[in-house]
Amino acid sequence: MSESYDFAVVGGGICGVAAACELAVYGRVVLVEREQQLAYHTTGRSAAISMESYGNAVIRKLTTWSTAFYKDADHDFFEHPAWSSRGALILSDAANQDHLIRRIDSIRQLVSTVQQVDEHTVRELAPYLAPGRWTTALYEPHAFDLDVHAIHFAYLKSLRRRGGTVLRDLAFTGAVRQGAGWTVSLSDGSRLGAGVIVNAAGAWADEVAQRSGIDPCGIKPLRRTVVLVDTAERHPHTPYIGTVDERIFIKPEATGLMVSPCDETLSAPCDAAPDELDIAIAMDRFESMTTFGRSTIRRKWAGLRTFVADRTPIVGREGQDAGFVWSAAVGGYGIQAAPAIAKLAAAAALGVPFPEDVCGAAIRPSDLSPQRCRAMAGAEHSLGAVAELT
């Protein structure tokens with residue numbers, strides 16, 4: 001066994017790098033990533049938008065704290081601002097209007113700036129939308145774009161500055177408990193010692209748990225397809241567009257519009273690739289709700305978003321033991337909530353209470369615990385519909 005560390009973090013996406021960065025203040029940290037490139041999977045394929053109205057109540061609380069961190073001009077964690085103004089519109093037709101109003105009422109308890117706007121305002125904010133279809137919308141004026149590369153790099157740079165070690169192109173193949181710590185095996189045949197394992201392995205998180213002798217949590221990787229559409233007219237400063245029934249999102253980019261049919265196809269952990277049918281569905285929905293007509297696809301990709309049944313992340317210790325900690329199942333919220341999730345994961349790894357400055361009494365450890373997942377009718381418990389979140 002060549003090296004021993006206080007913390008071994010498995011996964012080089014945003015949750016892994018951010019947790020490792022936080023923990024490097026308290027001890028020796030090694031980050032283990034199976035790919036040659038960090039942030040290769042879900043983190044690197046994010047839609048890069050932060051909305052405090054997005055997700056369930058727990059996610060919204062994590063996002064609210066993280067928003068303050070991203071926008072705090074008093075710290076020098078980021079070399080340059082990692083965010084820029086965008087705004088977001090969540091559209092509703094007549095059939096879904098009551099659901100949208102319930103959602104707005106729920107969100108306003110935490111996000112006072114959320115507004116309900118009419119069809120005329122929708123057209124003013126996004127003039128490329130075809131008229132006559134949307135009766136109302138949720139408008140979040142302070143939603144913002146995230147510079148994913150800058151955020152990930154800032155955490156990685158800080159991790160290294162604090163003495164952290166990063167191992168790339170090495171898969172975690174197993175771990176055996178040895179007294180108060182672990183012996184971790186890697187794909188090149190090497191081993192390392194660790195006092196605590198932090199499981200931030202994304203779609204592979206259940207696999208990492210099982211290879212450590214820990215029961216899985218029923219994590220489901222869901223494939224999402226995205227295309228970058230080239231349009232004749234540019235609308236770079238219009239809001240992010242979604243629909244309350246989760247049928248499409250449109251996000252302006254410098255070179256076109258990012259479009260997704262919001263598909264959620266169950267997948268094995270893998271290097272996700274877009275499906276041609278999902279691409280066709282995306283384009284059909286996009287062309288039917290805009291005035292652009294036939295448009296050209298500039299680029300296409302897919303990513304895996306991981307959830308458990310209640311669509312709330314798993315962040316916490318395995319039982320009462322701080323030796324194995326989860327930071328997983330963050331769905332499509334990993335970037336926007338990363339600062340808060342990292343603080344909570346680090347607290348769990350240190351065996352101390354969740355910091356009150358992050359969530360106070362608003363989030364309890366039981367809300368995020370792996371045990372709750374196993375109590376939800378087992379690993380095959382079906383996911384709640386994202387469109388029904390309030």
Side-chain angles (χ1 to χ4, degrees), residues 5-33 35 37-46 48 50 55 58-59 61-72 75-79 81-83 146-168 196-205 208 305-306 313-317 325-350 352 354-355 357-359 363 368:
Y5 299 88
D6 297 296
F7 308 99
V9 180
V10 185
I14 188 61
C15 285
V17 170
C21 175
E22 293 289 341
L23 288 168
V25 174
Y26 302 97
R28 295 193 71 205
V29 176
V30 60
L31 179 77
V32 179
E33 169 55 48
E35 305 293 348
Q37 176 185 334
L38 298 181
Y40 176 73
H41 290 287
T42 301
T43 297
R45 309 177 198 193
S46 169
S50 180
V58 171
I59 285 292
K61 292 166 187 172
L62 294 170
T63 300
T64 298
W65 189 90
S66 299
T67 294
F69 177 81
Y70 283 133
K71 293 188 173 183
D72 183 359
H75 63 62
D76 59 358
F77 188 77
F78 303 109
E79 293 181 359
W83 68 280
L146 291 164
D147 186 335
V148 175
H149 174 76
I151 293 165
H152 188 273
F153 178 77
Y155 275 111
L156 182 61
K157 180 180 177 181
S158 186
L159 168 62
R160 286 175 166 150
R161 185 186 300 135
R162 294 170 180 176
T165 299
V166 178
L167 302 179
R168 304 170 188 253
V196 178
I197 293 173
V198 178
N199 181 8
W204 287 266
V208 165
R305 302 157 77 246
T306 57
I314 312 170
V315 186
R317 290 177 285 177
V325 170
W326 295 76
S327 183
V330 297
Y333 321 114
I335 307 295
Q336 70 176 44
I341 290 173
K343 291 283 188 183
L344 301 186
L350 293 165
V352 300
F354 282 174
D357 68 310
V358 176
C359 54
I363 299 176
L368 302 170

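Given the structure is predicted, the values throughout are model-derived calculations rather than measurements. One is the number of the first residue; the rest follow in order along the sequence.
Across Ala24 and Leu159, no two heavy atoms sit closer than the pair CB-CD1, 3.9 Å. Of all the heavy atoms in Ala340 and Val358, the pair that sits closest is CB-CG1, 3.9 Å. Between Val315 and Ala345, the shortest heavy-atom distance links the atoms CG1-N, 3.6 Å. Residues Cys15 and Val330 approach most closely at SG-CG1, 3.7 Å, considering heavy atoms.
Atom OG1 of Thr67 and atom CH2 of Trp83 lie 10.0 Å apart (nearest 0.5 Å). To the nearest 0.5 Å, atom CD1 of residue Ile363 and atom CZ of residue Phe354 are 8.0 Å apart. Taken from CG in Leu344 to CG in Leu368, the straight-line distance is 6.5 Å, to the nearest 0.5 Å. Here Leu31 contributes atom CG and Phe7 contributes atom CZ; the two are 14.0 Å apart, rounded to the nearest 0.5 Å. Considering OH of Tyr333 and CD1 of Ile341, their distance stands at 11.0 Å, rounded to 0.5 Å. Residue Leu156 holds its CG atom at 9.5 Å from CD1 of Ile14, rounded to the nearest 0.5 Å.
Between Phe69 and Phe78, the two ring planes are perpendicular [angle over 60°; tilted spans 30° to 60°].
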Requested in this report: Give the C-alpha distance, both sets of side-chain angles, the deciding distance and a yes or no for side-chain contact (heavy atoms from CB on, under 4.5 Å) between Tyr70 and Ile151.
Outcome: CA-CA 9 Å; Tyr70 283 133; Ile151 293 165; 3.6 Å; yes
Requested in this report: Verify side-chain contact (heavy atoms from CB on, under 4.5 Å) between Arg168 and Leu38, making sure each step is shown before the conclusion.
Outcome: CA-CA 7 Å; Arg168 304 170 188 253; Leu38 298 181; 3.5 Å; yes
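Remark: Thr63 pairs with Gln336 by the side chain to side chain donor-acceptor pair (under 3.5 Å) rule, at least two apart or across chains.
Counting heavy atoms from C-beta outward, Tyr155 and Pro339 have side chains that approach closer than 4.5 Å. Considering only heavy atoms from C-beta on, Phe77 comes within 4.5 Å of Cys21 through its side chain. Put simply, the side chain of Val196 does not reach to within 4.5 Å of the side chain of Leu350, judged on heavy atoms.
With Ser66 contributing its side chain and Ala337 its backbone, the two residues share a donor-acceptor pair below 3.5 Å. Proximity of a side-chain donor or acceptor of Trp326 to a complementary backbone N or O of Pro313 within less than 3.5 Å is not detected. His152 places a side-chain N or O within donor-acceptor distance of the main-chain N or O of Gly12, the cut-off being under 3.5 Å. Within the 3.5 Å criterion, the main-chain N or O of Ala203 finds no donor-acceptor partner in the side chain of Thr306.
Identified under the salt bridge (Lys or Arg N to Asp or Glu O under 4.0 Å) test for residues 15-31, with sequence neighbours left out: Glu3-Arg28, Glu22-Lys343.
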